[in-house]
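The figures that follow rest on heavy atoms only: side chains count, while hydrogens, waters and symmetry mates do not. Every chain is numbered from 1, with letters handed out A, B, ... down the list of sequences.
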Protein chains: 2
Amino acid sequence: MLRRFAGVTATMEGSAPRRTRIQQEKRELILEAALEVFSTNGFRGSTIDQIAEAAGMSKPNLLYYFRRKEDIHETLMQRLLDTWLAPLRELDDIGDPLTELRSYIRRKLEMARDFPRESRLFANEILQGAPRIMPMLEGELKTLVDEKAAIIKGWMRAGKLARTDPWHLIFAIWATTQHYADFDVQVRAVLGADRGGDGRFEDAARFLEQLFLDGLKPKG
Amino acid sequence: MLRRFAGVTATMEGSAPRRTRIQQEKRELILEAALEVFSTNGFRGSTIDQIAEAAGMSKPNLLYYFRRKEDIHETLMQRLLDTWLAPLRELDDIGDPLTELRSYIRRKLEMARDFPRESRLFANEILQGAPRIMPMLEGELKTLVDEKAAIIKGWMRAGKLARTDPWHLIFAIWATTQHYADFDVQVRAVLGADRGGDGRFEDAARFLEQLFLDGLKPKG
DNA sequence: CAAATTTTTGACCGATTGGACAAACGTTAG
DNA sequence: CTAACGTTTGTCCAATCGGTCAAAAATTTG
């Protein structure tokens, strides 16, 4: 008799892998634990034992739901990318350009605040050369960014926005917002006990809005 | 007879550890190799064997110069921090504020271009919670940033700069410049073959200058 | 109920890890 | 030359790694 596995590799046929209630719950539990572990230790720095312990189960039990360590990481990555790019997808041609950009910045900053582990997981992957998601970067991501850069370029041509490089503008928004998730320890250490509390995201939001809209030149 | 070691732990007395010519050269070789390996794989993701091979020597030979893996990382970190904060230390009260900030941004961007491995080594450490340099962040770094933030605040009070949060301004400069080192793979993937070449740093410099000085609002 | 199936676990495996050690080798000073 | 010292390496070790497997335990199905 063939052995059965609760997990399904990503390369299998696209048909829904119909899972039992227990399988769904346990897989969810593992992914949650793995997000915690991977995001703070990186892929190679994390062990299956750590994830299993964080998920409250034995290692062989975990391997019953995900056959390989990489399968967990892959599943996590696929889910992440959808939600991670959602704010940029929402960037819309209709509406006032400055308002549109401001709310994109705000949404990205909220994601850094509410999903710091996802941000760090992504940062870890990119830092190490993106060995597992390179095709996505050159494909899906590039296409999306090019598309949005074209919209921004249109706004600039219409005189609604200062003329500048849309791609580097998007990079700057990513960098400044994700910084508050990826470099959180540093931000809190530098701000100190008094200013490093919960208010730091509102301070950041105010600052970034002013920076991106008006820059640093004094008025008048 | 006591065994001798070419390496000296950081906790030993501060006296110069007088080393032979060979020791200096080999230690330098190891640190160069370790920078390459650590910056792309993280601390836990790197092995002594990898570093030894990259340095062209056997593992026991490497361990003759650095007794533990951590000692290499620690030495690398200490050297890094000095040069890494040098641009901020240069930020000076004399001279025009906008010019001063512009050249700080340019210096940081040049460091991202010329020392990407150092940037990634630092990013790796912060991402994983800065377990090895936390005291430095709360001590030396915070002191330096507070000091420079006070200078910037002075400029703002004098009407030479738009009023905003100096700390978050420094974060934004760090984030936008280091992004081109830490997320280099992503930047190149999104820009594509034509625009992702050597010119990307000049494009970034132009964009960042405009962003920080004038923001995105259209003129007039 | 009982049979079939799914879930869980302890024991185990080969590979890799960081590091120890003594012996061999090279170099230098008297 | 030779003794002392500095350098290099092969070999080894215990711990940890990702992953297997068979059997026990729990659950679902008829």
Euclidean distance, atom [atom1] of residue [X] to atom [atom2] of [N] [Å, nearest integer]:
X	N	atom1	atom2	answer
B/Lys26	C/dG26	NZ	C1'	11 Å
B/Asp71	C/dG19	CG	C1'	12 Å
B/Leu63	D/dG10	CG	P	14 Å
B/Ile48	D/dT16	CD1	P	15 Å
A/Leu62	C/dT9	CG	P	11 Å
A/Met57	D/dA26	CE	P	16 Å
B/Tyr64	D/dT9	OH	P	13 Å
B/Arg44	C/dT16	CZ	C1'	13 Å

Practice problem: Look at the aromatic rings of A/Phe38 and A/His73 and report parallel, tilted or perpendicular, splitting at 30° and 60°. | Solution: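 Perpendicular, since the angle between the ring planes exceeds 60°.
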Quiz item: Parallel, tilted or perpendicular for A/Phe171 and B/His179, by the 30°/60° rule?
Solution: tilted
Starting the side chain at C-beta, find the nucleotide from [options] nearest to [X].
X	options	result
A/Thr47	D/dT8, D/dG19, D/dG18	D/dG18
A/Pro60	D/dT20, C/dT7, D/dT8	D/dT20
A/Lys69	C/dG19, D/dG19, D/dT8	D/dG19

Quiz item: On a plain distance test, is the side chain of A/Lys59 in donor-acceptor contact with the base of D/dG18 below 3.5 Å?
Solution: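 Donor-acceptor pair under 3.5 Å: yes.
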Quiz item: Can you find a side chain N or O atom of A/Gln23 that sits less than 4.0 Å from OP1 or OP2 on C/dT6?
Solution: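 A/Gln23 to C/dT6 OP1/OP2: no side-chain N or O under 4.0 Å.
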Self-check item: Contact nearer the 5' end of DNA chain C, comparing A/Asn61 with B/Phe43
Solution: A/Asn61
Practice problem: List the steps, then state whether salt bridge (charged side-chain N to carboxylate O under 4.0 Å, His left out) holds for A/Lys108 with A/Glu90. | Solution: CA-CA 11 Å; A/Lys108 278 295 280 181; A/Glu90 285 183 41; over 6 Å; no
Quiz prompt | Cation over ring face, B/Arg113 and B/Tyr180, 6.0 Å, 45° | solution = no
Quiz item: Is there a donor-acceptor contact under 3.5 Å linking the side chains of A/Asp146 and A/Trp167?
Solution: yes
